[in-house]
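Written below as structure tokens is the structure these notes are about.
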Amino acid sequence: MRTFRSGWTYIETVECTPPPLSTAHLNRCKSCDYVVLLTKYHNRMSNRKSAGDNASECAIRVFCRVRPLNDSEKSQNSKFLPRFPSANTITLSGKSFTFDRVFQPSVTQDEVYQMAAAHIVQDVLDGYNGTIFAYGQTSSGKTHTMEGHLDDSEHQGITPRIIKDVFDRIYQMDTDNLEFHIKVSNFEIYNEKVRDLFDATKTNLPIRESKNRMPFVKGATELFVSNAAEVLAAVEEGKKNRQVAATKMNEDSSRSHSVFLIQVDQEDRETHMRKSGKMYLVDLAGSEKVGKTGVSGALLDEAISINKSLSALSNVISALSHENRSHVPYRDSKLTRVLQESLGGNSRTTIIVCTSPAACNESETRSTLQFGQRAKTIKNIVVVNEELTAEEWKRRFKAEEAKVKELRQIVECYRQSEADSQKESNAFDQLVDKLKKQDDEIEEKDAEIDSYVEQVVGLKQVIAMLSVEVEQLREHSTMQAQRICELDQSLHELSTQSESTVQEEPSELMDQAISENVQELHHLHNLFGGDVFRRLADLVTGKIRTPQIANPIRTAESQVRGVSNVVSVPINHAYIMWKKYMGFININM
Ligand SMILES: Nc1ncnc2c1ncn2[C@@H]1O[C@H](COP(=O)(O)OP(=O)(O)OP(=O)(O)O)[C@@H](O)[C@H]1O
């Protein structure tokens, strides 16, 4: 047995937004404590979200329903325009529109309910808010979809099916600890006035905001119900009071937007946990081209008011579908005020766009499909509405404390990591300075090397010249050596001659010959002992320090010395001979 009672207040839980995980920081410091902690934190938060524990993003679901051609359209021979290339696409004159599902005319009321609406029952029992509304031009099938035939189980629309399902699920629950409190209200927005459909005397109810900033209709009659039959009776009651009139396009045209609100509150008697889910079932009045509907007088005023509020709804949808939405004009109409939480707020919302298939309604159908397409981009943020027990508060408080502690740790780590990166950045600056200095030094060395290279080039030229000179000397020395041999021979002969004529005075001829030989010997001595060695010694010892340059010069020097040795042996011999001869002359003079 379930218990139903009344009189609770509800508190909405608010999600604490985790600090963003900056990619810049991730790149800088992939393994630092801060990132590890923050990643853990984010993972934990997303796990909590997926468990339905807190706020989560929820896109508005949009379905499209196409009704069959009606008699009037058939009689005009209006063509059946839409094509259905896939289960969720509709094509109109070549332009495709994609929805969560497209219902073709043959789709039954039950199929529409199962695919588009049944899920809302569980959402509401889980403590979420939910909204389903039908949108479309007049006579496109909105009332048929939302309400249908109330007393015909096959042709019932969404509202009676939801009511039945809510009670079926509650009675099927296998715990006896839950206590339920269900209340319904029904009002319409007619000519920008909120009228209570359960109490026809309340014709202009105000819209106020709760302390959670949720708009609600103040003073609307709330009926406490305990079974589906009671609720259906209430729906019938409200229906009687709704503004309908016959127009050229619809015999039972709704001249107002109707809102049926079911609020399910529940309490676990053991844990004292409380949850509350609100469900808005909305049948909008249809937009109409007054030329087509042929209305005048009061009906024309209604049509103008309907179109105005629908265009306010379009503006809200349009503002919400922009990424950088700044202002959403909820306050432009009563309709958008009432639906504020359903559009961009805390509600799991489903929109069923209803269309006519007839070619004569093509432009209205196209604008309906565009409306649905825009609405599909809107994302609501939903949270479970729950009232917490003292124990639950304590548990959450502790969890929040732990979270704060964790966040403090993260902040501390972040600070530390910032300080570390500052240090790293200073060290980096120093390194950059050092590298700059090294760069300058390298540039200097480069210049030095360039000058060495220039010197090497110059010295290579000198060596080449010296080599030529050495070669010439070698040739010359060979000739000179030959000459020295001849002189040696001649001196020997002269010496022999003088020994044999020791008593005789040296002849003038001999003196001249000896003098010439001596001069020639002097010349040769100067030639081989002088300039060449000096120049080589200069190069090797003083100005040249690099081995690459000095080595070839040393080679050249030894080559010259080699030549000089070759030449100097006979010269020395000749010189000795000459000295000997001169001594001989002096002794005998
Ligand atoms: N899918 C459908 N299958 C069969 N009949 C339908 C379907 N949709 C609508 N109809 C019929 O078309 C007519 C107009 O539908 P309905 O009253 O639901 O339109 P509406 O959009 O609510 O119009 P208004 O905005 O003028 O109130 C009704 O007779 C309804 O039974």
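Whatever order the structure lists ligands and atoms in, that order sets their numbers, starting from 1. Treat the numbers as computed from the prediction; the structure is a model and nothing was measured. All heavy atoms count here, side chains included; hydrogens, waters and symmetry mates do not.
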message: Taking a cutoff of less than 4.0 Å between a non-hydrogen atom of the residue and any ligand atom, is Gly136 in contact with ligand 1?
response: no
task: Taking the six-membered ring of Tyr280 (Phe, Tyr or Trp), confirm whether the NZ or CZ of Lys278 is under 6.0 Å from its centre and within 45° of its axis.
output: no
query: For ligand 1, is there an N or O atom under 3.5 Å from any N or O atom of Arg67?
result: no
message: Regarding His119 and Arg348, do their side chains bring together a donor and an acceptor under 3.5 Å, going by distance alone?
response: no
field: Where ligand 1 meets Gly286 - atom numbers and elements under 4.0 angstrom, heavy-atom basis
entry: 25 (O)
field: Non-hydrogen atoms of Thr221 and Ser185 that approach each other most closely
entry: O-CB, 3.0 Å
query: So Phe260 and Phe198, would you call those rings parallel, tilted or perpendicular, with 30° and 60° as cut-offs?
result: perpendicular
- prompt: Touching ligand 1 at all, Arg65? Heavy atoms, strictly under 4.0 Å?
  reply: yes
query: Do any N/O atoms on Lys142 end up under 3.5 angstrom from N/O atoms on ligand 1?
result: yes
query: Which bit of Cys354 gets closer than 4.0 Å to ligand 1, counting heavy atoms only: side chain, backbone, both or neither?
result: neither
task: Examine Thr143 against ligand 1 and note whether any of their N/O atoms are separated by less than 3.5 Å.
output: yes
query: Within less than 4.0 angstrom of ligand 1, does Ser140 place any heavy atom?
result: yes
message: Using 30° and 60° as the class boundaries, would you call the ring planes of His155 and His149 parallel, tilted or perpendicular?
response: perpendicular
Residues in salt bridge (charged side-chain N to carboxylate O under 4.0 Å, His left out) contact with Arg101, at least two apart in sequence or another chain: none
- prompt: Is Gln137 near ligand 1, meaning one of its heavy atoms is under 4.0 Å from it?
  reply: yes
query: Judging by distance only, is a nitrogen or oxygen of Gly141 under 3.5 angstrom from one on ligand 1?
result: yes
- prompt: Taking C-beta and beyond as the side chain, do Tyr128 and Val384 meet within less than 4.5 Å on heavy atoms?
  reply: yes
